[in-house]
Student: 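My structure is below; once you've seen it, I'll send some questions.
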Amino acid sequence: MIKNIALSREIILNESFPVDYNVRVEYPPGPNKGHYSTPVAMECAKIFKRSPNDIANEIVEKIKEVPEISEYFEKIEIANPGFINIFISTKVHIEMIQKFNQDSKSIYNLVKTKDHEKKIIFEFVSANPTGPLNIVSARAAAVGDAICRIIKICGYNIYREYYVNDYGNQVKLLGLSLVARYLQKKGHEASLPEEGYQGEYIKDVLEEILKKISLNSETDVKLLDKTVKTLDIVKNDDSQWKEKLGESFGTEAVEILRASHEKDLNAFGVYFDNFFSEKNLHDGGEVDKALKVLKKAQKVYEQDDATLFKSTDYGDEKDRVIVRSDGRPTYLLADIAYHKSKIDRGFTHIYDIWGPDHHGYIARLKGAMKAMGFPESDKEKKKEAFEVMIVQQVNMIEDGKPVVMSKRLGKFHTMTDLLEKIPADVVRYFFLMRSQSSHLDFDLDLAMNHSSKNPVYYIQYAHARICSIFREAKKDIDADIKISNLTSEQIKSSFREELLLMLWRFPEIVEQISINFEVQILSEYLYNMTSVFTRFYHEKENRILPLLETSPNEAEFLLKIIQITRQVIKEGLELLGISAPVKMEGLLKQQDEETI
RNA sequence: GCGCCAGUAGCUCAGCUGGAUAGAGCAACGGCCUUCUAAGCCGUCGGUCAGAGGUUCGAAUCUUCUCUGGCGCACCA
């Protein structure tokens with residue numbers, strides 16, 4: 001609908017007001033101000049040096065002259081200081097109902113354009129494989145997954161990737177931490193390395209490695225086995241031996257942890273097309289290649305035996321070391337190589353979601369992308385072709401106090417902890433309720449104690465109610481209900497038009513999110529739409545079962561409305577990765593027990 | 001010191017690329033089950049949008065400064 005209005009306005013505008021202008025269409029604050037409105041006259045006032053009201057008048061007159069456009073508008077009003085308020089006609093409702101009647105894809109107004117040919121890669125979560133997934137990773141997973149689902153439903157190709165930092169110092173440290181735990185287990189004196197990983201999970205990982213050794217006889221495992229068996233005769237201060245064992249342990253542990261991340265994410269309903277290994281990047285010489293590209297672009301220089309990238313050329317506050325004085329590449333260079341691989345693999349749009357501790361990193365990586373010649377921006381959309389989003393931190397609040405999270409000290413709330421306490425549907429909704437770029441206080445007590453008042457249940461409840469009505473009416477929920485002779489009176493009364501208008505917004509909102517990635521708009525919308533539905537539901541005139549006897553025509557119409565409502569809730573929740581239950585009995589029982 | 005995110009109702013937060021009377025939920029108070037699920041609905045209470053200037057027809061939104069809070073500023077990843 002927005003598109004139709006904007007389009008019609010553009011036709012009109014181009015005639016009398018020849019200006020390249022993007023017409024905005026908004027939802028007005030109240031029903032007396034129209035169903036849709038546009039401030040375009042006010043925005044153009046300055047350009048043409050005329051009063052907004054004048055311009056608005058002229059536009060409205062022009063619209064009235066074009067019958068194929070004006071038949072969609074019941075009336076158009078001008079409100080001070082120059083808003084054009086549009087009231088849509090019954091014809092629009094009838095056409096929209098038919099549209100929703102077809103397969104669910106057709107509601108998104110999918111016209112394949114050249115824009116749909118772009119290849120998008122979306123990288124998110126990418127947690128270090130040195131410990132269990134934490135809450136921020138869970139948030140990133142929820143947000144990234146929802147954005148991917150929305151982009152996909154809008155007809156784009158999207159590839160989901162997870163970058164695994166299975167290389168470097170942290171892996172070594174992880175391995176040495178395991179060696180220390182192993183020695184302790186065998187009754188030797190051993191202390192964790194400085195900055196080592198202290199979490200309890202290290203012991204579980206160790207057990208799993210040892211189990212693997214006893215079950216498996218693959219070559220590298222064999223090597224490990226041999227090393228372990230000779231342990232007792234080796235002095236435990238033999239650092240060379242420790243290094244070697246640490247390396248094997250580290251490699252094994254990283255794979256175990258990575259696999260557990262994947263498992264946790266799958267349980268959360270999040271899937272990836274690929275897990276991209278940093279180690280392969282190093283082993284395959286890709287890191288050196290990236291360095292060569294930067295050198296060729298003349299964006300590197302040497303200083304004190306180290307190699308630096310001139311990120312200041314791209315607005316960074318200082319140049320960054322990419323090769324250390326001892327010749328080892330830094331994480332940044334590897335990351336540049338990783339992003340180079342994204343370009344090499346033919347992706348035209350590269351999006352990342354990073355954790356809050358990486359925001360200082362954006363400038364330098366964006367600089368590197370430019371240095372490698374990746375297009376700066378996509379002029380048609382407002383997003384750049386390479387965009388990094390930051391998911392801000394999550395503070396877990398328990399008993400009114402923030403819970404301290406630290407991976408190194410082993411005191412943290414993992415994603416698994418969270419999902420044990422709170423159902424995945426609720427966790428997802430909480431993470432998707434607010435914009436990812438702001439801090440989030442996650443009140444555990446509130447999430448658990450007030451779960452029955454939780455907005456996600458409210459939405460699911462509406463879905464269950466609709467399913468229940470169809471059960472009671474003995475109708476198939478997917479039945480093709482034909483509507484005939486719809487009158488304007490039928491639509492206008494008892495919150496019906498309010499609900500319909502709300503429903504027509506759904507594809508508009510989904511499309512909007514596919515461009516700006518602000519997922520919380522969808523959760524907000526679903527809640528508000530559900531609220532309008534519940535009001536509609538409670539109106540006596542909208543009670544369907546009695547009407548089936550007295551006025552089947554009316555009943556069919558109402559069934560059609562709730563059928564579409566159900567379709568929107570179901571698809572909307574699906575885009576957020578949340579289930580749409582047919583019944584809510586389980587929770588009802590729970591609540592009854594509480595009241596007894 | 002520099003940078004990022006923020007400061008909106010008692011609490012947690014929405015408020016879309018400036019637009020009309022600043023919105024939800026929770027909490028508090030008062031109504032509504034002979035009626036398709038009361039996990040609900042209706043109503044009441046509650047705000048100097050941290051503060052001060054600037055831009056303009058119009059600012060919670062953009063901009064500058066100040067104050068407050070959180071986080072980040074490695075030849076770690």
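Atom set for the values below is all heavy atoms of this structure, side chains included, hydrogens, waters and symmetry mates excluded. Here is the naming used below: chain letters follow the sequence lines, and residue numbers restart at 1 for every chain.
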Student: I'd like the P distance from B/A24 over to B/U44, given in whole Å.
Tutor: 11 Å

Student: Apply the test side chain to side chain contact (heavy atoms under 4.5 Å, CB included) to residues A/Phe431 and A/Val394: give CA-CA distance (whole Å), side-chain angles for both, the deciding distance (0.1 Å), then the verdict.
Tutor: CA-CA 9 Å; A/Phe431 284 150; A/Val394 180; 4.2 Å; yes

Student: Does the side chain of A/Tyr162 come under 3.5 Å of the side chain of A/His261 through a donor N or O and an acceptor N or O?
Tutor: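 Per modelled atom types, A/Tyr162 and A/His261 side chains form a pair under 3.5 Å.
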
Student: So that I know where these two stand, are A/Phe276 and A/Tyr338 an aromatic pair - ring centroids less than 6.0 Å apart?
Tutor: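 That pair passes the under 6.0 Å test.
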
Student: Tell me yes or no: between the side chains of A/Asn165 and A/Gln170, is some donor less than 3.5 Å from an acceptor?
Tutor: no

Student: Between the main-chain N or O of A/Arg328 and the side-chain N or O of A/Asp326, is there a donor-acceptor pair closer than 3.5 Å?
Tutor: yes

Student: Would you kindly compare A/Val582 and A/Pro329 by the position of their nearest RNA chain B nucleotide and give the one closer to the 5′ end?
Tutor: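 Here A/Val582 is the residue nearer the 5' end.
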
Student: Paired with B/A6 by Watson-Crick or G-U wobble geometry, both distances under 3.5 Å: which nucleotide is it?
Tutor: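 Checking every strand shown, B/A6 finds its partner in B/U68, with both distances under 3.5 Å.
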
Student: Look at all strands and tell whether A/Ala464 reaches a base, only sugar-phosphate, or nothing, counting heavy atoms closer than 4.0 Å.
Tutor: base

Student: Considering only atom P, compute the distance from B/A20 to B/G58 and round it to an integer number of Å.
Tutor: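 It works out to 14 Å between them.
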
Student: Return the pairing partner of B/G40 with a 3.5 Å limit on both distances, Watson-Crick or G-U wobble; otherwise return none.
Tutor: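 By the stated definition (distances under 3.5 Å), B/C32 pairs with B/G40.
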
Student: With a 4.0 Å cutoff (strictly under), does any side-chain N or O of A/Tyr537 reach OP1 or OP2 of B/A38?
Tutor: yes

Student: Apply salt bridge (charged side-chain N to carboxylate O under 4.0 Å, His left out) to the pair A/Arg465 and A/Glu472, showing each step before the final yes or no.
Tutor: CA-CA 10 Å; A/Arg465 269 179 163 160; A/Glu472 295 290 321; over 6 Å; no

Student: For A/Lys583 and B/U37, what is the distance between atoms NZ and C1' respectively, to the nearest whole Å?
Tutor: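 Rounded to the whole Å, the gap is 11 Å.
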
Student: Please report the distance, rounded to the nearest Å, between CD1 in A/Ile509 and P in B/G15.
Tutor: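 A/Ile509 atom CD1 is separated from B/G15 atom P by 12 Å.
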
Student: Can you give me the N/O atom pairs linking the protein to nucleotides 18-22 of chain B at distances under 3.5 Å, or say none if there are none?
Tutor:
{"unit_1": "B/A20", "atom_1": "N6", "unit_2": "A/Ser37", "atom_2": "OG", "d": "2.9"}
{"unit_1": "B/A20", "atom_1": "N6", "unit_2": "A/Asn85", "atom_2": "OD1", "d": "3.0"}
{"unit_1": "B/A20", "atom_1": "N1", "unit_2": "A/Asn85", "atom_2": "OD1", "d": "3.2"}
{"unit_1": "B/A20", "atom_1": "N1", "unit_2": "A/Asn85", "atom_2": "ND2", "d": "3.1"}
{"unit_1": "B/U21", "atom_1": "O4", "unit_2": "A/Lys33", "atom_2": "NZ", "d": "3.0"}

Student: Assign A/Asn542 to base, sugar-phosphate, or nothing according to its heavy-atom contacts below 4.0 angstrom with the strands shown.
Tutor: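 It contacts base atoms.
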
Student: Summarise how protein sits on nucleotides 1-7 of chain B as a single string, 5' to 3': B when a protein heavy atom is under 4.0 Å from the base, S for sugar-phosphate-only contact, - for no contact.
Tutor: -SBSB--

Student: Within the pair A/Thr534 and B/G40, is there a side-chain N or O less than 4.0 Å away from OP1 or OP2?
Tutor: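 No, no such contact exists.
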
Student: Using the C1' atom as the reference point in each nucleotide, state the distance between B/U68 and B/A50 in Å, no decimals.
Tutor: 8 Å

Student: Does one side chain, of A/Ser277 or A/Tyr167, offer a donor that lies under 3.5 Å from an acceptor on the other?
Tutor: no

Student: So, A/Ser514 side chain and A/Ile151 main chain: donor-acceptor pair closer than 3.5 Å or not?
Tutor: no

Student: Report the residues that fulfil ring-ring contact (aromatic ring centres under 6.0 Å, His included) with A/His339, sequence neighbours left out, ordered by chain and then residue number.
Tutor: A/Phe386

Student: What interatomic distance, in whole Å, is found between C1' of B/G3 and the corresponding atom of B/U8?
Tutor: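 Here B/U8 and B/G3 have their C1' atoms 25 Å from each other.
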
Student: A/Tyr461 has a side chain; which of B/C16, B/A14, B/G40 sits nearest to it?
Tutor: B/G40

Student: Tell whether A/Thr330 reaches the base of B/C75 with its side chain through a donor-acceptor pair below 3.5 angstrom.
Tutor: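 No such pair is found, so the answer is no.
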
Student: Only pairs with both distances under 3.5 Å count, Watson-Crick or wobble alike; so what is the partner of B/G47 in this structure?
Tutor: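 Its partner: none found.
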
Student: Hey, which of these two, A/Arg465 or A/Ala306, hits RNA chain B nearer its 5' end, going by closest nucleotide?
Tutor: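 Going by which nucleotide is closer to the 5' end, it is A/Arg465.
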
Student: Does A/Gln392 offer a backbone N or O that forms a donor-acceptor pair with the side chain of A/Gln436 under 3.5 Å?
Tutor: no

Student: Would you kindly check if the NZ (Lys) or CZ (Arg) of A/Arg505 is within the cone defined by 45 degrees around the ring axis of A/Tyr27 and under 6.0 Å from the six-membered ring centre?
Tutor: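 Because its charged atom sits under 6.0 Å from the ring centre and within 45° of the axis, A/Arg505 does stack over A/Tyr27.
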
Student: Judged by modelled atom types alone, do A/Asp316 and A/Ser311 share a side-chain donor-acceptor pair under 3.5 Å?
Tutor: yes

Student: Taking atom P in both B/U56 and B/A22, what distance in whole Å separates the two?
Tutor: 25 Å

Student: Hey, does the side chain of A/Arg320 come within less than 4.0 Å of B/A74's phosphate (OP1/OP2), counting only N and O?
Tutor: no

Student: Of the nucleotides B/G72, B/A38, B/A24, which has the atom closest to the A/Asp357 side chain?
Tutor: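 Of B/G72, B/A38, B/A24, B/G72 is nearest to the side chain of A/Asp357.
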
Student: Please name all residues satisfying side-chain contact (heavy atoms from CB on, under 4.5 Å) with A/Asn528, sequence neighbours left out, ordered by chain then number.
Tutor: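 Partners of A/Asn528 by the side-chain contact (heavy atoms from CB on, under 4.5 Å) criterion, ordered by chain and then number, come out as A/Met502, A/Glu524.
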
Student: Please state the C1' separation for the pair B/G54 and B/A59 - nearest whole angstrom.
Tutor: 11 Å

Student: Using a strict threshold of under 4.0 Å (side-chain N to carboxylate O), is an ion pair present between A/Arg496 and A/Glu554?
Tutor: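 Judged by the 4.0 Å cut-off on N to carboxylate O distance, A/Glu554 and A/Arg496 do form a salt bridge.
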
Student: Quick one: list whatever passes salt bridge (Lys or Arg N to Asp or Glu O under 4.0 Å) with A/Asp288, sequence neighbours left out.
Tutor: none

Student: Check the phosphate of B/C36 against A/Arg471, side-chain N and O only, distance under 4.0 Å to OP1 or OP2. Yes or no?
Tutor: no

Student: Between the protein and nucleotides 28-31 of chain B, which nitrogen or oxygen pairs are less than 3.5 angstrom apart?
Tutor:
none

Student: May I ask you to say what A/Gln512 touches in the nucleic acid, namely base, sugar-phosphate or nothing, with a heavy-atom cut-off under 4.0 Å?
Tutor: base

Student: Separation of A/Gln436 atom CD from B/A14 atom P, in whole Å?
Tutor: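 Value for this atom pair: 11 Å.
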
Student: Nearest of B/C16, B/C75, B/A14 to any side-chain atom of A/Gln520?
Tutor: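 Comparing B/C16, B/C75, B/A14 against the side chain of A/Gln520, the answer is B/A14.
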
Student: Taking the six-membered ring of A/Phe275 as reference, does the cationic atom of A/Arg258 (NZ for Lys, CZ for Arg) lie under 6.0 Å from its centre and within 45° of its axis?
Tutor: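 Relative to the ring axis of A/Phe275, which defines the angle, A/Arg258 lies inside both limits.
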
Student: Which one, B/C42, B/G72, B/C36, comes nearest to the side chain of A/Ile469?
Tutor: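 Of the candidates, B/C36 comes closest.
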
Student: Is there a side-chain contact between A/Tyr458 and the phosphate of B/C41, meaning an N or O under 4.0 Å from OP1 or OP2?
Tutor: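 Yes, such a contact exists.
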
Student: Looking only at atom C1', what distance separates B/C65 and B/U55, rounded to whole Å?
Tutor: 15 Å

Student: Could you tell me whether A/Asn528 contacts a base, only the sugar-phosphate backbone, or nothing, with contacts defined as non-hydrogen atoms closer than 4.0 Å?
Tutor: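 Nothing, no nucleic acid heavy atom in range.
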
Student: Sort out the partner of B/G1 for me: Watson-Crick or G-U wobble, both distances under 3.5 Å, none otherwise.
Tutor: B/C73

Student: Out of B/C36, B/A77, B/C42, which nucleotide sits closest to the side chain of A/Glu278?
Tutor: B/A77

Student: Rounded to whole angstrom units, what separation is found between the CZ atom of A/Arg566 and the P atom of B/C36?
Tutor: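 Roughly 21 Å, once rounded to whole Å.
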
Student: To the nearest angstrom, how far is A/His538 atom NE2 from B/C42 atom P?
Tutor: 8 Å

Student: Mind checking if A/Ile521 touches a base, just sugar-phosphate, or nothing, with heavy atoms under 4.0 Å?
Tutor: nothing

Student: By the rule that syn is within 90° of 0, classify the base conformation of B/C62 as syn or anti.
Tutor: anti

Student: Pick base, sugar-phosphate or nothing for A/Phe470, based on heavy-atom distances below 4.0 Å to the nucleic acid.
Tutor: nothing

Student: Can you tell me, in whole Å, how much space there is between the C1' of B/U34 and that of B/A27?
Tutor: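 Roughly 34 Å separates the two C1' atoms.
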
Student: Base, sugar-phosphate alone, or nothing: which one does A/Phe495 contact when heavy atoms must sit under 4.0 Å apart?
Tutor: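 Here A/Phe495 touches no strand at all.
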
